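For reference, the structure discussed in these notes is given below.
Here the structure is a predicted model, which means the values were calculated and not measured.
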Amino acid sequence: QVQLVESGGGLVQAGGSLRLSCAASGRTDSKYAMGWFRQAPGKEREFVAAISWSGGNTYYTNSVKGRFSFSRDNAKNTVYLQMNSLKPEDTAVYYCAARATYYSGSYYPTGSSYDYWGQGTQVTVSS
């Protein structure tokens with residue numbers, strides 16, 4: 001069992017930056033690929049980014065490529081989403097998710113692939 005807690009959301013003007021964190025606790029001795037997802041009002045949950053356990057492989061949805069950066073510090077059981085050049089369309093509740101994996105380089109771009117989810121943190125970008 002793994003518990004995930006996101007933090008770092010808030011209100012920012014367009015063009016600004018935020019850094020989201022997701023701290024994991026519980027059975028963190030296993031390898032976990034991680035993902036970030038978001039859900040805007042009236043919209044379905046959307047994939048944002050994925051990272052392998054090693055941190056060496058990342059994958060981003062096209063709308064955030066070049067602006068968002070996914071990283072992890074396994075020693076701290078924490079992953080980060082650095083969000084730069086934020087746009088109003090980035091406004092959403094952001095969730096982190098974890099999936100146990102055998103392979104340090106595996107990553108997953110779909111929500112159904114994940115075993116554990118955080119509670120979400122609100123990101124609001126004003127125009």
Side-chain angles (χ1 to χ4, degrees):
Q1 183 75 6
V2 173
Q3 294 80 46
L4 305 173
V5 179
E6 302 99 332
S7 62
L11 175 65
V12 65
Q13 292 185 331
S17 298
L18 286 173
R19 188 195 194 202
L20 305 183
S21 299
C22 177
S25 61
R27 191 183 294 184
T28 56
D29 55 328
S30 299
K31 293 183 174 68
Y32 290 94
M34 301 293 293
W36 284 99
F37 296 79
R38 65 189 182 187
Q39 188 167 23
K43 300 289 185 66
E44 294 184 349
R45 183 180 61 195
E46 176 190 23
F47 168 77
V48 176
I51 192 169
S52 61
W53 180 88
S54 69
N57 294 321
T58 55
Y59 180 77
Y60 303 89
T61 191
N62 286 338
S63 63
V64 307
K65 286 180 179 177
R67 300 189 298 118
F68 290 11
S69 180
F70 201 170
S71 63
R72 66 191 301 163
D73 186 340
N74 288 345
K76 296 181 179 179
N77 294 318
T78 301
V79 300
Y80 307 93
L81 186 67
Q82 179 66 46
M83 305 186 295
N84 299 323
S85 301
L86 283 162
K87 303 174 181 179
E89 51 263 45
D90 295 318
T91 295
V93 177
Y94 283 70
Y95 301 90
C96 68
R99 173 185 170 135
T101 181
Y102 290 123
Y103 306 108
S104 62
S106 298
Y107 57 92
Y108 306 90
T110 59
S112 61
S113 297
Y114 291 88
D115 303 307
Y116 307 102
W117 293 82
Q119 84 287 354
T121 186
Q122 177 71 49
V123 171
T124 302
V125 184
S126 62
S127 60

Smallest heavy-atom separation, Ser52 atom then Ser104 atom, equals CB-O, 3.1 Å
Between Gly8 and Leu18, the two heavy atoms sitting closest are O-CD2, 3.8 Å
Correct closest heavy-atom pair for Pro88 and Ala14 would be CD-CB, 4.1 Å
Rounding to 0.5 Å, atoms OH (Tyr103) and NZ (Lys31) come to a distance of 11.0 Å
Here the ring pair (Phe, Tyr, Trp, His ring centres under 6.0 Å) pairs for residues 108-127, sequence neighbours left out, are Phe37-Tyr114, Phe37-Trp117
Next item on the list: Could you go through the side chain to side chain contact (heavy atoms under 4.5 Å, CB included) check for Arg67 and Met83 one step at a time?
Entry: CA-CA 6 Å; Arg67 300 189 298 118; Met83 305 186 295; over 6 Å; no
To the nearest 0.5 Å, atom OG of Ser112 lies from atom CZ of Arg99 at 8.5 Å
Notebook entry, point to check: Is there side-chain contact between Ser21 and Ser7, with at least one heavy-atom pair below 4.5 Å?
Noted result: yes
- Between Val93 and Thr121, does a side chain to side chain contact (heavy atoms under 4.5 Å, CB included) hold up when you go through it step by step? CA-CA 5 Å; Val93 177; Thr121 186; over 6 Å; no
Answer yes or no: is there a side-chain heavy-atom contact under 4.5 Å between Tyr60 and Phe47?
-> no
Q. Yes or no on side chain to side chain contact (heavy atoms under 4.5 Å, CB included) for Asn74 and Trp53, after CA distance, side-chain angles and deciding distance?
A. CA-CA 8 Å; Asn74 288 345; Trp53 180 88; 3.4 Å; yes
Does NZ or CZ of Arg45 lie under 6.0 Å from the centre of the six-membered ring of Tyr95, at an angle within 45° of the ring axis? no
N/O donor-acceptor pair under 3.5 Å between Asp73 side chain and Thr78 backbone | no
From the list Gln122, Gln39, Arg38, side-chain hydrogen bond (donor to acceptor under 3.5 Å, both in side chains) with Tyr94 holds only for Arg38
Correct closest heavy-atom pair for Val48 and Val64 would be O-CG2, 3.8 Å
Ala49 and Leu81 have their tightest heavy-atom pair at CB-CD1, 4.5 Å
Looking only at side chains, do Asn84 and Ser17 share a donor and an acceptor under 3.5 Å apart? yes
### Query
Are any non-hydrogen side-chain atoms of Phe70 and Gln82 less than 4.5 angstrom apart?
no
Q | Non-hydrogen side-chain atoms of Ile51 and Tyr107 separated by less than 4.5 Å | A | no
Are Val12 and Thr124 side-chain neighbours, meaning at least one heavy-atom pair lies under 4.5 Å? no
Interatomic distance, OG@Ser127 vs CD@Gln13, rounded to 0.5 Å, equals 9.5 Å
Practice prompt. Output, in order, the C-alpha distance, side-chain angles, deciding distance and verdict of side chain to side chain contact (heavy atoms under 4.5 Å, CB included) for Glu6 and Leu4.
Written response: CA-CA 7 Å; Glu6 302 99 332; Leu4 305 173; 5.6 Å; no
Quiz item: Do Arg19 and Tyr80 come within less than 4.5 Å of each other through their side chains, counting heavy atoms only?
Solution: yes
Separation between NZ (Lys65) and OG1 (Thr58), nearest 0.5 Å, reads 10.0 Å
inquiry  = Between Asp90 (side chain only) and Val123 (backbone N and O only), is there a donor and an acceptor less than 3.5 Å apart?
reply    = no
Would a 4.5 Å heavy-atom cut-off, applied to side chains only, mark Phe68 and Thr61 as touching? no
Exercise. Would you check if Thr91 and Glu89 make a side-chain contact, meaning some heavy-atom pair closer than 4.5 Å?
Key: no
